[in-house]
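Since the structure comes first, as structure tokens, the remarks are kept for the end.
Any value given below was found using the heavy atoms of this structure, including those in side chains, with hydrogens, waters and symmetry copies removed. Because the structure is a prediction, the values reported are computed rather than measured. Convention: sequence-line order gives letters A, B, ...; per-chain numbering from 1.
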Amino acid sequence: MPELPEVETIRLGLQKYIVGKTIEDVEVRLRRIFSGDEKNIIGAKITSIDRFGKGLVINLDNNYSIAAHIKLTGQFVYRDDSTLKLKLSAKVGSQIPNKFTHVTFKLDKGAYLHYNDIRQFGWIKILKTEDLKTIPFFKDLGPEPFGGLTFEIFKNIISKNNTAIKPLIMDQKKIGGIGNIYANDALFDSQIDPRKKAKSLKEKEIKSLYNSILKVLKNGLENGGASELNYVNALGQEGKYQHHFLAYARDGEKCLRCGTIMKKITLGGRGTYFCPNCQK
DNA sequence: GACAATGTTACAGT
DNA sequence: CACTGTAACATTGT
């Protein structure tokens, strides 16, 4: 899923469906991805849902929280009597729970929250709310595009780093929430070569990239996220941003701006897509 | 069989 | 110590 727009879409869904509900039981089928003691959350009521970068936090009324990161293939799927008739995406499967459902939270009024994860890279941690910042991922997370990341801070990050611009904006310690899809699309939108050294960007390019990042993330959010891989929302349904990709996965196709054939290279270990003609 | 997949982190090297 | 690049995590699909 899982970049800022996808995780935010899940957060909005969870906020709508599970806030106010009580956790009656927890079934952990794959212990390796789970830490903390589930006994500490049984009987507690869900009060709010937070998102920090690509991480999710479910807060409870007993000073405990459930922190989670779904990495590449995690899914949180909510089910109750009224959502049961909704058809699940094929990305979830026709049945839930299934062999990829590693954790199930049983809520009151016959509702369930299932955690699925094919590759098992994701994690769920039970801990005191005050201890959330002891999780390294949260502690080291940089400012967010729709949070503390002002243009001045962004400019400062870009101009003092000597790495290629694309891996830099995907570095969660520098900026929270941007992943491979939106990094590719933002660089395409601002016509910047992803290999270009961050330090070498002119003020005008930095400004343009800042605006493009906000623009593509907002577009992703308005389309309910990108279900290119395994991502689904909290009801097990797909997003639509995969139909609006500007550069991601468009290698071999014509550039939307100039018609040149789009190229794919590997940069920082990740697939990188760009127009060799109009991204300078 | 080889390779790549929306992410993060441990580790080796400079 | 700081920075950078690569491998690894586990599984599926092409």
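Between the side chains of A/Thr272 and A/Lys166, at least one donor-acceptor pair of N or O atoms lies under 3.5 Å.
A heavy-atom distance below 4.0 Å to DNA chain B is reached by these residues of residues 160-178 of chain A, ordered by number: A/Gln172, A/Lys173.
Rounded to whole Å, the distance from CZ on A/Arg32 to C1' on C/dC9 is 8 Å. At whole-Å resolution of the value, CD in A/Glu3 and C1' in B/dA5 are 12 Å apart. Between the C1' atom of C/dT11 and the NZ atom of A/Lys99 lies a distance of 9 Å, rounded to the nearest Å. As a whole-Å value, the separation of A/Leu141 CG from B/dG7 C1' is 13 Å. A straight line from CD1 of A/Ile33 to P of B/dG7 spans 18 Å, rounded to a whole angstrom. Distance CZ (A/Arg270) to P (B/dA5): 7 Å, rounded to an integer number of Å. The distance between atom CG of A/Leu4 and atom P of B/dT8, rounded to the nearest whole Å, is 11 Å. The distance from atom CZ of A/Phe121 to atom C1' of C/dC9 is 5 Å, rounded to the nearest whole Å.
Using C1' as the reference atom, C/dT4 and B/dA5 are 23 Å apart when rounded to the nearest Å. Taking the P atoms as reference points, C/dT12 lies 22 Å from B/dT8, given to the whole Å.
Among the atoms of the strands shown, none is found under 4.0 Å from any heavy atom of A/Gly269. A/Gln120 comes within 4.0 angstrom of the backbone, heavy atoms only, and of no base. Residue contacts for A/Gly271: at a heavy-atom cut-off of 4.0 Å it reaches the sugar-phosphate backbone alone, with no base atom in range. Within the nucleic acid shown, A/Phe138 has no heavy atom closer than 4.0 Å to any nucleic acid atom. Residue-level contact check: A/Tyr182 touches neither bases nor backbone, having no heavy atom under 4.0 Å from any strand. Within the nucleic acid shown, A/Ile181 comes within 4.0 Å of at least one base atom, counting heavy atoms only.
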*Hey, mind stepping through A/Arg250 and A/Leu256 against side chain to side chain contact (heavy atoms under 4.5 Å, CB included) and telling me if it holds?*
CA-CA 10 Å; A/Arg250 296 197 74 251; A/Leu256 295 172; 3.6 Å; yes
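Here the shortest heavy-atom pairing between A/Thr83 and A/Tyr78 reads OG1-O, 3.9 Å.
The main-chain N or O of A/Pro276 is never found under 3.5 Å from a side-chain atom of A/Gln279 such that the two would form a donor-acceptor pair.
Aromatic ring orientation, A/Phe151 versus A/Tyr210: perpendicular (interplanar angle above 60°, classes split at 30° and 60°).
Taking hydrophobic clusters as Ile, Leu, Val, Met, Phe, Trp and Tyr residues chained together by side-chain heavy-atom distances below 4.5 Å, A/Leu235 shares a cluster with A/Ile10.
The strand DNA chain B forms stems, runs of 3 or more Watson-Crick or G-U wobble pairs with distances below 3.5 Å, at B:2-5 with C:11-14, B:7-14 with C:2-9.
Minimum atom distance to the side chain of A/Arg119 is reached by C/dA10, of the listed B/dT9, C/dA10, B/dA4. Considering only side-chain atoms of A/Lys54, the nucleotide from B/dA4, C/dT11, B/dG7 that sits closest is B/dG7.
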